[in-house]
Amino acid sequence: MALSSPRLGAALGKPVRLTVRGGAFQGVLQYLSPDRRLLLRTGALQLLRGMGTKEQTQAKLIVLHLKQQRVVSVVGEGVNLCRHGRLSWLQIATKSRIFLFDIFLLGPQAFKNGLQMVLEDKNILKVIHDCRWISDCLFHQYSVLLCNVFDTQVADVLQFSMTTGGYFPHRVCTLQECLMQHLKIPSKWDVLVKCRQEVASENPDIWFLRPFPPSLLQALALRAMYLLMVHSSLMDNLMSDLTAVVNDYLNAYRDGSGDHLRSTKPTCRELPKELRQLAGDQKLRREKAVKDYRMNEDGFLIRPAMKINEKNDPQKDGARRDDRDCLPPNEAMSRMSFDNQDLEK
């Protein structure tokens with residue numbers, strides 16, 4: 001029997017077991033959207049801090065899990081993250097697990113035990129925000145050559161350009177802004193991510209404090225989880241024009257009488273009306289963008305900075321969809337979890 005929204009709402013914060021077409025999920029119900037999209041806490045957060053016998057076994061299992069993935073998110077935390085800086089934490093998230101690697105304690109051995117193989121695997125897409133810094137750090141300090149990367153900062157700019165008819169913004173977005181722009185996240189988790197930003201700016205050396213504060217461990221895991229979700233949202237946005245035109249293509253002939261097909265040559269190279277319509281859409285977007293944004297002397301649209309407490313405007317910045325669409329509808333999500341015992345080890 002299908003659960004009603006009131007019954008699901010009554011289960012918030014309680015252990016539940018949900019069965020959907022994709023499988024069975026068990027955990028603590030953390031979040032319920034108005035259209036019954038769910039988020040479960042499933043005990044999927046793992047920390048790797050040492051390289052003893054137990055930890056080496058754990059590392060092998062982690063690497064095995066990562067090598068089975070097609071897409072993962074990668075986030076690095078530290079001070080002045082480049083060849084001249086220090087990397088403290090490396091977070092990697094999959095659809096069902098979040099791994100926090102304590103690089104400060106593990107050192108180069110973390111990469112020699114399989115992590116380098118994952119980061120250099122051409123068959124695994126790595127989702128990273130502004131990969132320039134961590135790419136420089138990993139290569140010059142750990143001899144890790146990142147490849148097959150989806151950069152959300154680049155994708156965000158391309159999406160902005162697409163939705164403004166070809167204009168580019170005068171600046172790029174931070175990861176925090178990208179999360180706010182493309183996702184609607186539970187406020188208590190949003191506070192955690194913001195707390196991480198504020199604490200780090202006040203005391204950058206906190207990344208090297210051990211034991212590490214559990215609240216900041218949560219923030220690290222959240223950034224990796226949200227980054228993976230942003231990838232889904234951006235991919236949908238970037239593919240929206242292609243998807244729309246292809247759908248028009250599918251219906252172009254089959255929904256008509258078919259009489260004109262006798263005189264239409266299959267080899268005709270004239271631009272079809274479906275693609276001509278896209279050119280018209282681009283013109284309308286440019287006209288709207290000029291009204292909505294100021295332009296600087298270089299011809300770039302001035303993109304205002306998003307305030308930390310600013311609510312997302314789905315119509316602003318060229319957004320064309322409900323940001324919640326990045327979550328699978330009517331399915332339990334076991335994307336992340338926080339086990340207090342894991343966090344306090």
Side-chain angles (χ1 to χ4, degrees), residues 73-76 79-85 125-140 146-183 193-194 197-198 200-201 223 226-227 230-245 271 275-321 323 326:
S73 64
V74 179
V75 182
V79 175
N80 189 23
L81 202 59
C82 63
R83 70 185 74 184
H84 305 299
L125 180 67
K126 274 73 68 175
V127 181
I128 304 176
H129 188 83
D130 193 357
C131 65
R132 296 172 296 176
W133 301 94
I134 193 170
S135 176
D136 184 76
C137 175
L138 292 176
F139 180 74
H140 289 282
L146 270 174
C147 69
N148 193 15
V149 169
F150 179 97
D151 194 302
T152 53
Q153 189 175 82
V154 175
D156 173 72
V157 169
L158 293 179
Q159 190 238 337
F160 180 95
S161 178
M162 186 184 78
T163 54
T164 56
Y167 286 108
F168 279 79
H170 79 296
R171 66 174 186 87
V172 294
C173 277
T174 65
L175 176 56
Q176 178 69 25
E177 288 177 316
C178 207
L179 296 180
M180 294 170 64
Q181 176 63 36
H182 298 288
L183 297 179
V193 176
K194 294 171 188 173
Q197 183 176 337
E198 294 169 359
S201 62
R223 282 164 67 84
Y226 286 147
L227 189 57
V230 167
H231 165 255
S232 298
S233 177
L234 282 169
M235 280 299 297
D236 286 348
N237 288 334
L238 291 172
M239 294 293 290
S240 60
D241 278 349
L242 174 62
T243 302
V245 174
L271 191 68
L275 288 169
R276 291 171 183 261
Q277 178 60 44
L278 183 58
D281 292 342
Q282 289 282 61
K283 181 181 178 181
L284 293 176
R285 293 171 190 173
R286 286 194 295 271
E287 294 173 353
K288 183 177 186 302
V290 172
K291 295 178 182 178
D292 292 344
Y293 295 91
R294 292 184 296 117
M295 187 179 295
N296 67 10
E297 58 185 11
D298 295 321
F300 297 124
L301 298 184
I302 298 177
R303 187 185 211 179
M306 294 187 69
K307 297 180 181 179
I308 294 299
N309 60 353
E310 181 180 336
K311 296 295 184 182
N312 294 11
D313 182 353
Q315 299 302 321
K316 191 176 181 180
D317 212 8
R320 303 181 59 194
R321 63 195 289 278
D323 292 325
C326 61

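Given the structure is predicted, the values throughout are model-derived calculations rather than measurements.
- Of the possible donor and acceptor atoms, one in the side chain of Lys126 sits under 3.5 Å from a partner among the backbone N and O of Cys147.
- For the atom pair OH (Tyr226) and CG (Leu183), the distance works out to 8.0 Å, reported to the nearest 0.5 Å.
- A 4.5 Å side-chain heavy-atom check between Ile128 and Leu146 finds at least one atom pair inside the cut-off.
- Minimum heavy-atom separation, Leu271 to Arg276: O-NE, 2.8 Å.
- Between Ser240 and Met162, some side-chain heavy-atom pair lies under the 4.5 Å cut-off.
- Atom CZ of Phe139 sits about 9.0 Å away from atom CZ of Arg83, to the nearest 0.5 Å.
- When every heavy atom of Phe168 is checked against every heavy atom of Phe160, the shortest pair comes out as C-CE2, 3.8 Å.
- A donor-acceptor pair under 3.5 Å is absent between the side-chain atoms of Arg223 and the main chain of Gln176, judged by distance alone.
- Of all heavy-atom pairs between Cys178 and Thr152, the closest is SG-O, 4.1 Å.
- Taking each heavy atom of Arg285 and Thr163 in turn, the nearest pair found is CB-O, 3.7 Å.
- Under the rule for a side chain to side chain contact (heavy atoms under 4.5 Å, CB included), the partners of Glu287 that lie at least two apart in sequence or sit in another chain are Lys283, Leu284.
- Phe150 is linked by a ring pair (Phe, Tyr, Trp, His ring centres under 6.0 Å) to His231, counting only residues two or more places apart in sequence or in another chain.
- In terms of modelled atom types and a separation under 3.5 Å, the side chain of Asn296 and the main chain of Asp298 share a donor-acceptor contact.
- Listed for the Arg294 side chain is no donor-acceptor partner under 3.5 Å among the backbone atoms of Ile302.
- Salt bridge Arg303/Glu177: absent, no basic N to carboxylate O contact under 4.0 Å.
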Intermediate values then yes/no, side-chain contact (heavy atoms from CB on, under 4.5 Å), Leu175 and Asp130: CA-CA 8 Å; Leu175 176 56; Asp130 193 357; over 6 Å; no
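- Residues Tyr167 and Val290 meet the side-chain proximity criterion, which asks for heavy atoms closer than 4.5 Å.
- One finds the CE atom of Met239 at 11.5 Å from the CG atom of Asn237 (value rounded to the nearest 0.5 Å).
- Looking only at atom types and distance, the side chain of His129 has no donor-acceptor partner in the side chain of Asp156 under 3.5 Å away.
- If you take CH2 on Trp133 and SG on Cys82, they are separated by 6.0 Å, rounding to the nearest 0.5 Å.
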